[in-house]
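Report on the following structure.
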Amino acid sequence: TLLHMRAATDMELLEQATNEGTLRTDIDHEFEADRLVTMLAGVGLLAGVARPARVKAQATRMLTEQIASLRASPAAV
C-alpha cells in the first residue's frame with residue numbers, strides 16, 4: 001500500500017540519519033517510521049475537522065517533539 005511504501009522510505013531516512021550520528025542508535029527504525037506515518041495520517045484527518053491554524057500548530061508540535069525524542073545526545077555525536 002501507499003502507506004507501507006511511505007514507511008519504508010521513512011525507515012531508510014531514519015537509518016541514514018542514525019548512520020550519520022543525528023539520531024540515537026537504539027531506535028527501532030521500522031517502528032519509528034510507522035509511528036511518523038501514523039502521526040501524519042492523523043494530522044490529515046485533523047485537517048478535515050479543525051481550523052488550519054490549529055492543525056499547523058498541533059502538527060508542528062507533534063513532529064518537533066517526536067523528532068527531538070529520537071535525536072542523539074550531543075555527547076554521542
Side-chain angles (χ1 to χ4, degrees):
T1 67
L2 184 57
L3 285 178
H4 180 69
M5 290 187 320
R6 177 77 247 165
T9 302
D10 291 345
M11 186 171 69
E12 292 169 0
L13 292 171
L14 291 171
E15 289 170 349
Q16 179 181 349
T18 298
N19 292 336
E20 293 171 354
T22 304
L23 300 181
R24 297 189 336 256
T25 58
D26 65 332
I27 65 172
D28 179 338
H29 296 108
E30 183 175 7
F31 176 80
E32 293 302 338
D34 287 343
R35 183 194 318 236
L36 289 169
V37 168
T38 301
M39 287 176 66
L40 291 173
V43 168
L45 291 173
L46 185 60
V49 297
R51 296 182 334 273
R54 180 174 185 270
V55 173
K56 181 179 178 182
Q58 292 292 79
T60 299
R61 180 179 174 193
M62 284 183 234
L63 292 171
T64 299
E65 290 179 4
Q66 181 57 29
I67 296 299
S69 76
L70 300 175
R71 290 204 183 278
S73 66
V77 175

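Computation of the quantities below employed the complete heavy-atom set of this structure, encompassing side-chain atoms and omitting hydrogens, waters and symmetry-equivalent molecules.
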Nearest heavy-atom neighbours spanning Gly21 and Ala72: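 Heavy atoms of Gly21 and Ala72 come nearest at O-CB, 3.5 Å.
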Exercise: identify the closest heavy-atom pair between Thr60 and Thr64: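 Result for this residue pair: O-OG1, 2.7 Å.
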Point-to-point distance, once rounded to the nearest 0.5 Å, from [atom1] of [X] to [atom2] of [Y]:
X     : Y     : atom1 : atom2 : value
Thr22 : Leu13 : OG1   : CG    : 11.5 Å
Leu36 : Asp10 : CG    : CG    : 6.5 Å
Leu70 : His29 : CG    : NE2   : 8.5 Å

hydrophobic_cluster_shared for Ile27 and Leu63, side chain cutoff 4.5 Å: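 In one cluster: yes.
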same_hphob_cluster(Leu40, Leu14) at 4.5 Å side-chain heavy-atom cutoff: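 Same hydrophobic cluster.
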With Val43 via side-chain contact (heavy atoms from CB on, under 4.5 Å) - residues at least two apart: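 Here the qualifying residues are Val55, Ala59.
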Test side chain to side chain contact (heavy atoms under 4.5 Å, CB included) applied to Met62 and Gln66, step by step: CA-CA 6 Å; Met62 284 183 234; Gln66 181 57 29; over 6 Å; no
Min side-chain heavy-atom separation Thr18-Arg24 under 4.5 Å: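 Side-chain contact under 4.5 Å: no.
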Salt bridge (Lys or Arg N to Asp or Glu O under 4.0 Å): pairs with one or both residues in residues 43-61, sequence neighbours excluded: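 As it turns out, the salt bridge (Lys or Arg N to Asp or Glu O under 4.0 Å) pairs with a partner in residues 43-61, which skip direct neighbours, are Arg61-Glu65.
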Sequence-distant partners of Arg35, salt bridge (Lys or Arg N to Asp or Glu O under 4.0 Å), two or more places apart: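 For Arg35, the residues satisfying salt bridge (Lys or Arg N to Asp or Glu O under 4.0 Å) (neighbours in sequence not counted) are Glu32.
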Distance-only donor-acceptor check, side chains Glu20 and Gln16, under 3.5 Å: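 Yes, a side-chain donor-acceptor pair sits under 3.5 Å.
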